[in-house]
Amino acid sequence: MPAKLIDGNLLAKHIRTQIAASAAILTAQGIKPGLAVILVGENPASQVYVRNKVKACADAGFYSVLENYPDDLSEVDLLKRINALNLAPEIHGILVQLPLPPHIDSHAVLEAINPLKDVDGFHVANAGALMTGAPIFKPCTPYACMKMLESIEYPIRGARAVIVGASNIVGKPVSMLLLQAGATVTICNSKTRDLGFHTREADILVVATGKPKMITANFVKPGAVVIDVGINRLPDGKLCGDVDFDEVKYVAGWITPVPGGVGPMTITMLLQNTLEAAQKKYQSLHA
Ligand code: GUN
């Protein structure tokens with residue numbers, strides 16, 4: 001396999017050790033980082049994600065609470081809960097797992113979170129500030145992609161980055177972070193004509209489409225860094241990314257695996273954001 005692996009598990013372990021050490025110091029100073037995770041409904045993938053997030057909090061010495069509401073929770077009741085968490089002193093970060101049931105307006109819910117507790121970075125204040133270069137919190141998956149590039153000391157400045165997928169959660173924000181780091185960025189979407197024409201130009205290829213193994217070897221420039229944000233369950237129960245790893249590993253220079261790539265790093269950046277939210281709280285109390 002010519003491509004080198006960017007091992008998300010290993011990198012996550014390293015960063016989480018540092019986060020846990022900082023959390024212990026803050027806890028000794030009287031502020032234990034606290035995260036509230038809200039899940040509405042019983043989406044099986046979301047259940048796994050939120051469980052992993054809560055477990056990661058416990059492992060890092062954070063306080064966390066998982067609030068799991070039935071699928072028919074009203075938007076008004078969800079907004080009331082968010083307001084209560086906005087005021088709760090032991091909670092520094094609030095995360096509402098997406099997707100929400102269709103009767104709930106996700107935008108209204110995300111806008112209800114205090115931007116100082118918006119550790120997902122989805123509030124319009126954080127999304128807007130990301131555009132201008134100074135968000136309070138960066139969204140966790142885009143932040144994870146940047147950390148993975150940083151871990152291999154990839155020279156982003158002047159590189160050509162191509163993003164496949166233009167979601168608010170991944171595609172748009174990761175394109176902004178790469179642009180700010182000096183890359184020349186192309187964002188492709190589901191309507192892009194001749195996708196391969198664009199992806200084959202990429203020095204850095206970030207794929208977040210939700211389509212299992214859609215990026216095959218012929219989409220990839222030899223030597224490129226390929227970051228696979230996808231996580232899909234195949235009929236046989238196995239997990240795979242949006243990149244056909246078994247083919248692309250022979251073409252790419254670097255590649256992230258699924259599982260064990262971006263996933264554990266996304267949770268790590270959630271811990272990082274929650275730690276920073278708690279540190280800001282400490283600073284505001286001791287200014
Ligand atoms: N659903 C898929 N990815 C995410 C994420 O990063 N945060 C939240 N809140 N929901 C998601």
For this session: Show your reasoning for whether side chain to side chain contact (heavy atoms under 4.5 Å, CB included) applies to D242 and N232.
Result: CA-CA 7 Å; D242 296 349; N232 310 286; 2.9 Å; yes
For this session: Could you give me the CA-CA distance, side-chain angles and deciding distance for F122 and N168, then say whether side chain to side chain contact (heavy atoms under 4.5 Å, CB included) is met?
Result: CA-CA 8 Å; F122 293 165; N168 287 338; over 6 Å; no
Exercise. Run the side chain to side chain contact (heavy atoms under 4.5 Å, CB included) check on R200 and D194 step by step: do they pass?
Worked result: CA-CA 10 Å; R200 280 188 293 275; D194 196 355; 4.3 Å; yes
For this session: May I have the step-by-step check of side-chain hydrogen bond (donor to acceptor under 3.5 Å, both in side chains) for D228 and T256, ending in yes or no?
Result: CA-CA 6 Å; D228 187 354; T256 65; 5.6 Å; no
Exercise. Does the side chain to side chain contact (heavy atoms under 4.5 Å, CB included) test come out yes or no for I19 and F62, once each step is laid out?
Worked result: CA-CA 10 Å; I19 291 172; F62 289 17; 3.7 Å; yes
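A108 and E75 get closest at one heavy-atom pair: CB-OE2, 3.7 Å. Minimum interatomic distance between K147 and L11 (heavy atoms only, all atoms of both residues): O-CD2, 4.0 Å. Minimum interatomic distance between V220 and I215 (heavy atoms only, all atoms of both residues): CG2-CG2, 3.9 Å. Nearest approach of A181 to M146, heavy atoms of both residues: CB-CE, 3.9 Å. The heavy-atom pair separating Q97 from K53 by the smallest distance is OE1-NZ, 2.7 Å. Of all heavy-atom pairs between A56 and I267, the closest is CB-CG2, 3.4 Å.
In this structure, OG in S64 is found 13.0 Å from NE2 in H92, a value given to the nearest 0.5 Å. Interatomic distance, M265 CE to Q272 CD, rounded to the nearest 0.5 Å: 9.5 Å. Taken from CG in N43 to OH in Y49, the straight-line distance is 8.5 Å, to the nearest 0.5 Å. We find the CD1-CG distance between I136 and N273 to be 10.5 Å, quoted to the nearest 0.5 Å. Once rounded to the nearest 0.5 Å, the distance linking CD1 of I227 with CD1 of I255 reads 10.5 Å. Within the model, atoms CG of L66 and CG of L95 stand 10.0 Å from one another, a figure rounded to the nearest 0.5 Å.
Counting heavy atoms from C-beta on, the side chains of M214 and L195 come closer than 4.5 Å. Contact annotation: the side chain of V96 never approaches that of L39 to less than 4.5 Å [non-hydrogen atoms, C-beta and beyond]. Looking at heavy atoms from C-beta onward, Y250 lies in side-chain contact with P2 at the 4.5 angstrom threshold. Between L78 and I82, the closest side-chain pair of non-hydrogen atoms falls below 4.5 Å. With contacts defined as side-chain heavy-atom distances shorter than 4.5 Å, the pair Y154/I204 qualifies. In this structure the side chain of K213 reaches within 4.5 angstrom of the side chain of L234, judged on heavy atoms.
Taking hydrophobic clusters as Ile, Leu, Val, Met, Phe, Trp and Tyr residues chained together by side-chain heavy-atom distances below 4.5 Å, L205 shares a cluster with V243. Cluster annotation: V262 and L271 are assigned to the same hydrophobic cluster (Ile/Leu/Val/Met/Phe/Trp/Tyr, side-chain heavy-atom contacts under 4.5 Å, transitive). Both V174 and V185 are members of a single hydrophobic cluster when ILVMFWY side chains are connected at heavy-atom separations under 4.5 Å. V50 and I169 fall into different hydrophobic clusters, where Ile, Leu, Val, Met, Phe, Trp and Tyr are joined by side-chain heavy atoms under 4.5 Å apart, directly or via other members. Residues M269 and I156 share a hydrophobic cluster, clusters being chains of Ile/Leu/Val/Met/Phe/Trp/Tyr side chains in contact below 4.5 Å.
By the 6.0 Å and 45° rule, K32 does not stack over the aromatic ring of Y63.
Distance alone, capped at 3.5 Å, is enough to place a donor-acceptor pair between the N126 side chain and the F137 backbone. The backbone N or O of E111 sits less than 3.5 Å from a side-chain atom of H123, completing a donor-acceptor pair. A donor-acceptor pair under 3.5 Å is absent between the side-chain atoms of T268 and the main chain of R16, judged by distance alone. Side-chain atoms of S167 come within 3.5 Å of backbone N or O of V170 as a donor-acceptor pair. Not a single donor-acceptor pair under 3.5 Å links the side chain of E247 to the backbone N or O of N218. Using a distance-only test at 3.5 Å, with no hydrogens or angles considered, a donor-acceptor pair links the side chain of N86 to the main chain of A112. In this structure, S22 contributes its side chain and Q18 its backbone to a donor-acceptor pair below 3.5 Å. Judged purely by atom type and a 3.5 angstrom limit, K117 uses its side chain to pair as donor or acceptor with the backbone of I91. Panel note: side chain D118, backbone I113; no donor-acceptor pair is recorded below 3.5 Å.
Using modelled atom types, one finds no donor on one side chain facing an acceptor on the other under 3.5 Å when comparing D244 with T216. Side chains of Q283 and Q279: no donor on one and acceptor on the other come within 3.5 Å. For the residue pair Y69 and E67, a side-chain donor N or O sits within less than 3.5 Å of a side-chain acceptor on the partner. Side-chain atoms of R160 and T184 include no donor-acceptor pair closer than 3.5 Å.
The pair K221-E201 fails the salt-bridge criterion, with no side-chain N (NZ, NE, NH1 or NH2) lying under 4.0 Å from an Asp/Glu carboxylate O. At a threshold of 4.0 Å, the pair D59-K55 counts as salt-bridged, since one of the basic side-chain nitrogens sits closer than that to a carboxylate oxygen.
Around the NE2 atom of H14, the shell of radius 6.0 Å holds no more than 12 heavy atoms that belong to other residues, nucleotides or ligands.
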